[in-house]
Structures are given as C-alpha cells and as structure tokens.
2 protein chains.
Amino acid sequence: MSMDQPANPGDNSARSIAPGRRPGKPATINDIARMAGVSKKTVSRVINRSQLVQQQTRERVEALIRDIGYVPDPMARALAFGKSFLVGLLYDSNAMQDIPLLQEGLVSGLRGSAFAAVLHGCDSRREDPISSIRQFIIQRRPHGVIFAPPLSDLPELGALAEELGCRHVRIQAEPVDASSSAMLTQDRSGAAEVADYLVSLGHRRIGFIAGPESLASARERSAGFLERLGLRGVQVADEHLVSADYGFDAALRGATRLLRDPSRPSAIFAASDEMAAAVLKAARTLGIDVPGEVSVVGFGDSAISRLLSPALTSVHSPLCEIAGQAVSMLIGGEADMDAVSSPRVVERESCRRL
Amino acid sequence: MSMDQPANPGDNSARSIAPGRRPGKPATINDIARMAGVSKKTVSRVINRSQLVQQQTRERVEALIRDIGYVPDPMARALAFGKSFLVGLLYDSNAMQDIPLLQEGLVSGLRGSAFAAVLHGCDSRREDPISSIRQFIIQRRPHGVIFAPPLSDLPELGALAEELGCRHVRIQAEPVDASSSAMLTQDRSGAAEVADYLVSLGHRRIGFIAGPESLASARERSAGFLERLGLRGVQVADEHLVSADYGFDAALRGATRLLRDPSRPSAIFAASDEMAAAVLKAARTLGIDVPGEVSVVGFGDSAISRLLSPALTSVHSPLCEIAGQAVSMLIGGEADMDAVSSPRVVERESCRRL
DNA sequence: CTGAAAGCGCTTACAG
DNA sequence: CTGAAAGCGCTTACAG
C-alpha cells in the first residue's frame with residue numbers, strides 16, 4: 001500500500017487516465033479508494049472533512065484526489081444525503097427588480113463551492129406561490145433557499161420551509177415573524193438617509209412618491225423617510241405626497257401632479273429608481289430643469305441610475321452583499337452581517353444645494 | 001422523454017398519507033408499484049412514457065400517481081440516468097446585458113417541466129471560461145446548457161460540449177462553426193431595420209456608434225446597418241462613425257464628438273441601449289434637443305428604453321423567445337424557429353421625421 | 001408487455 | 001481510526 005504513485009505529471013485533469021480506471025469516465029470514489037488502498041468509506045470521510053481519519057491517511061488520500069482531479073458526484077451525494085447540492089433563488093416573476101443584484105451575490109458567493117444556484121420563479125398571477133414553492137422544495141430538495149423580496153413578505157414561508165426541513169433565508173424589508181431566518185434590507189434607514197441628505201442640501205418643501213402600501217419595502221421606505229423628515233422639523237404637505245406601484249407609468253402621473261402644483265416641491269424623493277426616472281421625464285415634459293429647479297432622488301441605485309440624464313442620485317442598497325451573506329449562512333457556518341454595508345445615498349447629478 | 005409533473009389536485013400533495021407508506025416521507029416508486037400491484041419497472045415505464053405498457057396498466061398506474069401526488073425524485077433519476085434534470089444557463093459574469101431576458105425565457109420555458117434552471121457565471125477576467133465550463137458540465141451533468149452571448153462566441157464551446165456529451169445551444173449573433181447548435185439572434189437584420197427606419201424618416205446624414213469589433217453581435221450590427229444604408233444610397237461619413245464597448249462612458253465620449261461636429265448627423269444609431277442612453281446624455285449636455293434636433297435609436301429594447309427621457313426608440317431582439325425555443329430544443333423534441341419573431345424597431349419618442 | 005437482478009456513486013448505521 | 005453491508009430512488013440490461 002506504499003503508493004505506487006502513478007506518474008501523472010502535467011495533465012492531471014479529470015480526463016486523464018490512471019491505472020485501474022475506465023478510460024473516458026471520471027474517477028469515482030471507488031477508484032480513489034482502490035488506488036489509495038483504503039475503503040471507500042475512508043475516502044468518503046476525507047471528502048466530508050470527518051475528524052475520524054488518521055492524519056497520514058488523510059494526506060495520502062487528499063493528494064491522490066488532487067492528482068487525479070477527482071470530484072465527488074453531486075448527484076450521487078444528493079441521493080445519499082437526501083438533499084441536492086443546490087441553493088435556490090425563489091422569486092416572484094412579476095416583481096424582479098432586485099433579482100439581478102441578488103443573483104450576482106448568490107452566484108459569486110457560490111463560486112468555488114460544491115453548490116450551484118438554481119432558479120425558481122413563481123408567477124404569482126397564475127399560481128399559488130406557496131404550493132409552487134412547496135412543490136419545488138419537495139422535488140428538488142435544495143440544500144437551502146433564498147426568498148427574494150417581495151415574495152419574502154409572505155408570512156407562510158417560514159413555517160413552510162420549517163415543515164419541509166429546508167434551510168432558508170428571507171431577504172426582506174421588515175421582519176414578518178420572530179424567525180431568525182430574515183436578513184433585513186434596511187430600507188427604512190436608507191430612506192432616512194435621503195431625508196437627511198435633502199434637508200442638508202437646504203430643501204424644506206419636499207415631495208414624496210411612495211411605493212405601494214402592500215409591499216413591506218415600500219412601507220419601510222415611507223416610514224423611514226417621513227419620520228426622519230419629521231425629526232428634522234420638515235413635514236411633507238398632503239398635496240406633495242402621492243403613491244404609486246414602484247412602476248413608471250403611475251409614477252409619471254403622480255410626478256406630473258406634484259410638479260404642476262403652484263408651490264411645487266424643490267425636491268422629490270421617489271421610492272424606486274423606476275419612479276424617479278418618471279419624475280425626470282415629467283420634469284422634462286413640463287420644461288422644469290433637474291436639478292436646477294427640482295432635485296430628484298431615487299432608491300435602489302440600480303443600473304439605470306447612471307444611464308439617466310441627469311444621472312440619478314439614489315440610495316444604494318447592499319442587496320448583493322446581503323445575498324452573499326445569505327449564501328454563507330446557508331452553506332457555511334455563520335453570516336457576518338458586519339460585512340454588509342449600510343445603505344447610503346450615492347450622489348450623482350440630480351440634486352443641488354438650495 | 002420529458003415528463004409532465006402530475007398535477008396536484010385538491011390536497012393530494014406529497015404530504016398526504018396513503019396505506020403502505022411511511023408517513024412524512026414522499027411516496028417512492030416502490031410505494032406506487034406496491035399499491036398498483038406491479039413491479040417498479042412498470043411504474044418506471046409509465047413515468048418515462050414508454051410504449052411498452054398495456055393501456056389498462058398504464059391508466060391504473062397513472063391514476064395512482066395522480067392521486068398520491070407522487071413525483072419521481074430527480075436526484076435518483078439523475079444518478080441512474082447519469083445526468084441531472086437541470087438546464088444550465090452559462091454566461092460571462094462580466095457581460096450580463098442579455099441575461100435577464102434569456103433567463104426569463106428559460107425559466108418560463110421550464111415551468112411545468114421536470115427540469116430546473118441552474119446558473120453558471122464565469123468570471124472571464126479571473127478564470128479560463130473553457131475550463132470553468134468543463135468543470136461545471138462534468139460535475140453537474142446538466143441535461144443541457146445554453147451558452148449566452150458573448151460567451152457563446154468562444155469557438156471551442158461546440159467541441160467541448162460534444163466531447164462531454166452535453167446537449168447545448170449557443171445563442172449568438174453569427175455562426176462560429178457548422179454545428180447545428182446555434183440559434184441566431186439576427187442582430188444583422190435588426191440593425192438593417194434601423195437603417196430602413198431612419199432612411200424612411202428622411203434622414204441622410206446619419207451617425208453610428210458601433211460596438212466593439214471583438215464581439216460577434218457588434219460586428220453583425222455594424223454590417224447590417226452599414227450595408228442596408230448603402231443599399232439605400234446612404235453613406236456614413238467617417239467622422240460620424242465611432243466605436244465603443246457597448247458601455248456608457250466610452251459612448252458618451254463618442255456621442256459628444258459626433259454632436260459637436262459642425263455638420264452633425266440628424267440621426268444617430270447606437271448599437272446598444274446603454275450607448276444610446278449616453279447619446280441622450282451628450283445631447284442634453286450640449287443643449288441639443290432629442291428628437292427635435294437629432295434622432296436617436298438604440299438596440300436591445302431593454303428595460304431602460306422606456307425609462308429614458310425621451311423614451312428610446314430601440315430594436316427589439318427576440319431573446320426571450322429564443323431562449324424559450326432553446327429550452328424546447330434541449331428538453332423536448334424540436335424548436336420551432338417560426339415561433340420566434342423577427343427583430344423590429346420599437347418606436348418611442350427619440351426619433352422624428354425630417 | 002412485464003419483472004428480477006444489478007448498478008448509478010455516494011452515504012448512514014453498525015461493527016470492530 | 002477503519003471497513004463491510006445495506007440503502008438512497010431510480011434506471012439499464014437481460015430474460016421471459
């Protein structure tokens with residue numbers, strides 16, 4: 001069992017053929033066991049980082065694994081473990097604003113791990129999200145799932161995942177229950193930052209285009225903004241407060257109303273970038289200069305912020321980092337929430353000091 | 001061999017308990033076989049739509065499957081088949097413009113099937129895409145993969161997938177080899193449409209912001225646009241042709257140059273929406289009205305088109321439908337390319353008749 | 001048309 | 001610390 005180390009210099013890829021293995025097929029745990037002169041169980045222990053392996057044995061097996069380029073088959077492990085090596089991103093396909101960022105955090109968090117990212121979009125208009133998700137989890141047995149907002153607002157989700165024994169984290173604006181699975185997006189404090197920012201610029205007559213009451217993120221943004229404004233001694237006049245659905249069209253109507261007001265606001269905060277884009281458009285249509293005559297702030301710091309003219313000042317939300325931490329929590333030990341930055345106002349060109 | 005998931009009528013979910021099954025655990029093929037009084041192999045045949053089952057037997061088993069809410073375990077099937085029930089979307093994480101649309105087509109194409117979408121983003125700046133992809137395919141054994149542009153431009157991809165025995169389709173602007181796996185995005189004809197459109201509006205002095213020569217899509221868009229203009233008797237003056245990297249910043253510089261020209265173009269076609277946004281910005285900065293003084297067309301009809309002011313006229317590329325057809329090709333029989341619409345100019349507010 | 005056996009590549013539970 | 005046996009839930013290959 002003193003190893004007859006197969007001279008395998010250079011080409012150690014999974015394709016390479018070593019004695020005792022069938023050509024063309026990737027190595028299996030049996031190949032490694034045979035070549036290392038141990039049982040497959042011992043190889044399994046090495047793979048799974050069990051402490052119950054003699055240091056010397058471990059090193060020999062590890063070296064072999066590295067040389068051969070052996071990678072345990074996730075499908076076989078999945079069957080044996082009773083759970084796949086997948087982390088699911090579950091979202092509402094009718095509300096995908098945050099998906100690109102979350103996905104980026106997820107995919108890069110998974111890079112180099114044994115896990116892969118699997119997608120499940122529920123069409124909340126045509127199917128019941130809960131049973132769709134139940135079916136997905138039962139069927140794919142993901143190692144863990146991330147519930148993206150606003151899907152994550154569904155209160156039943158925690159119990160469902162619990163019942164199915166599936167690790168999960170809900171990314172959401174406010175906690176819906178006492179479960180520890182929530183990671184908060186800090187929409188409230190992000191919106192509060194905007195209040196501070198606009199006041200510091202000298203604005204007092206401030207307009208607000210709120211998101212839909214039905215969404216937790218919108219409620220949080222509204223509360224954070226209005227409360228902080230109140231703290232600074234600023235009230236948003238009733239006629240300067242409209243609400244929309246985070247979307248462009250409704251916000252365009254609302255913005256037009258605000259801007260047509262004889263004593264129109266000197267600054268407008270829109271609770272989403274898409275709505276802020278609508279403010280820009282309304283202003284342009286009415287011949288009102290931004291930021292010359294009215295300042296505009298959005299929320300999300302999405303890709304469009306820098307593409308608009310003027311480039312949009314917006315709240316950067318650390319969604320990507322949050323997704324990264326969610327992954328750590330799901331596949332590793334703990335998440336380090338200190339690694340997640342706070343939301344902050346990213347200044348571009350759409351605001352000016354009064 | 002694609003199979004529909006049994007519907008889930010009433011509460012016959014996988015939780016429900018039937019005689020002869022262990023409570024709490026989903027039913028297995030053995031449960032169904034026992035209850036139906038047949039061998040598991042026969043159940044397997046029913047699941048896999050084999051013709052070698054007596055009509056009557058089939059119906060009995062199918063009814064039972066439906067009643068119990070049995071869903072074959074994809075992990076077990078994956079191990080037995082030697083391939084997972086996953087369809088991979090492979091992309092370059094440094095060039096994700098088209099991913100949202102492709103992903104949407106993929107996810108909705110997969111809905112209701114036994115397959116799920118798995119993501120693999122290669123960071124082309126930090127790793128070799130080919131070996132990253134090889135590793136992914138060997139490890140996950142996806143049922144099929146979709147190579148998204150511009151990753152799909154890599155010529156080695158076809159041979160790689162072939163070698164690994166992995167079904168694949170490459171979504172790309174121009175064929176890189178003779179393989180039948182390519183689905184063309186018709187960038188050339190889309191750009192040609194723009195030429196027709198601008199000429200029909202009376203424009204003759206036309207500017208063009210091309211994409212990077214290194215990308216097939218950019219080469220196709222340039223060729224399609226310039227050729228069709230030529231056919232219409234219009235030449236783009238050298239000083240009205242700049243190229244950028246599809247991105248905002250470089251395009252902003254190029255657009256500024258074009259617009260400062262004493263005999264500046266009356267219309268500008270930018271080969272991407274992001275670059276068109278830069279044209280809008282340059283025009284605004286220079287005090288040039290769009291579409292009053294210059295018309296602008298983008299490419300991609302991406303989410304930002306309608307958010308810009310003025311709303312951007314852009315080429316709609318049927319990426320979502322293409323991804324849907326790619327899925328059909330991968331998991332079903334054939335793709336129906338006739339179901340994919342041709343690229344067309346979506347008129348918004350950024351162009352005017354001369 | 002149907003089934004009993006063996007196997008996919010790994011793990012758990014049990015012994016030593 | 002190590003291993004032989006049984007099993008995860010399905011399929012293929014072979015018989016009938």
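Atom set for the values below is all heavy atoms of this structure, side chains included, hydrogens, waters and symmetry mates excluded. Numbers restart at 1 for each chain; the letters A, B, ... are given by sequence-line order, proteins then strands. These figures come from a predicted structure and were not determined experimentally.
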Rounded to the nearest angstrom, tell me the gap between atom [atom1] in [X] and atom [atom2] in [N].
X: A:Arg141; N: D:dC8; atom1: CZ; atom2: C1'; result: 13 Å
X: B:Met75; N: C:dG9; atom1: CE; atom2: C1'; result: 14 Å
X: B:Arg45; N: D:dA15; atom1: CZ; atom2: C1'; result: 11 Å
X: A:Arg77; N: C:dT12; atom1: CZ; atom2: C1'; result: 14 Å
X: A:Arg60; N: D:dT2; atom1: CZ; atom2: P; result: 9 Å
X: A:Phe85; N: C:dT11; atom1: CZ; atom2: P; result: 7 Å
X: A:Lys83; N: C:dT12; atom1: NZ; atom2: C1'; result: 15 Å
X: A:Ile32; N: C:dG9; atom1: CD1; atom2: P; result: 13 Å

- Message: Reading DNA chain C from 5' onward, which residue's closest nucleotide shows up sooner: B:Val53 or A:Phe81?
- Response: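 Whichever sits nearer the 5' end wins; that is B:Val53.
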- Message: Between A:Val71 and B:Gly37, which residue's closest nucleotide on DNA chain C lies nearer the 5′ terminus?
- Response: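 This one resolves to B:Gly37.
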- Does one side chain, of B:Ser181 or B:Arg170, offer a donor that lies under 3.5 Å from an acceptor on the other?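 Present: a donor and an acceptor within the cut-off.
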- Query: Do A:Arg126 and A:Asn94 have side-chain N/O donor and acceptor atoms under 3.5 Å apart?
  - Reply: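 Per modelled atom types, A:Arg126 and A:Asn94 side chains form no pair under 3.5 Å.
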Tell me which nucleotide among [options] gets nearest to the side chain of [X].
X: B:Thr28; options: D:dG3, C:dT11, D:dC10; answer: D:dC10
X: B:Leu79; options: C:dC8, C:dC10, D:dC1; answer: C:dC8
X: B:Lys41; options: C:dG9, D:dA13, C:dG7; answer: D:dA13
X: B:Asp73; options: D:dC10, C:dG9, C:dT12; answer: D:dC10

Quick one: is [N] close enough that its OP1 or OP2 comes under 4.0 Å of any side-chain N or O from [X]?
X: B:Gln51; N: C:dC1; result: no
X: B:Asn48; N: D:dT11; result: yes
X: B:Thr57; N: C:dC1; result: no
X: B:Ser39; N: C:dG3; result: yes
X: B:Thr42; N: C:dG3; result: yes
X: A:Ser44; N: C:dC10; result: no

- Message: Checking base pairs now: Watson-Crick or wobble, both atom distances under 3.5 Å. What partners C:dA15?
- Response: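 Base-paired to D:dT2.
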- Task: Find which nucleotide of DNA chain D each of A:Arg58 and A:Lys40 is nearest to by heavy atoms, and output the residue with the more 5' nucleotide.
- Result: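 Nearest-nucleotide comparison on DNA chain D picks A:Arg58.
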- Message: Using 0.5 Å steps for rounding, measure from the CD atom of A:Gln139 to the CE atom of B:Met75.
- Response: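 Output value for this atom pair is 10.0 Å.
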- Query: How long is the gap from CD1 on B:Ile133 to CD on B:Glu127, to the nearest 0.5 Å?
  - Reply: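 Here the rounded value is 9.0 Å.
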- Query: Between B:His168 and B:Ile146, does a side-chain contact (heavy atoms from CB on, under 4.5 Å) hold up when you go through it step by step?
  - Reply: CA-CA 6 Å; B:His168 62 287; B:Ile146 295 175; over 6 Å; no
- Message: Please determine whether the number of non-hydrogen atoms from other residues, nucleotides or ligands lying under 6.0 Å from atom CD of B:Glu321 exceeds 12.
- Response: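 Enclosed: over 12 neighbouring heavy atoms sit under 6.0 Å from CD of B:Glu321.
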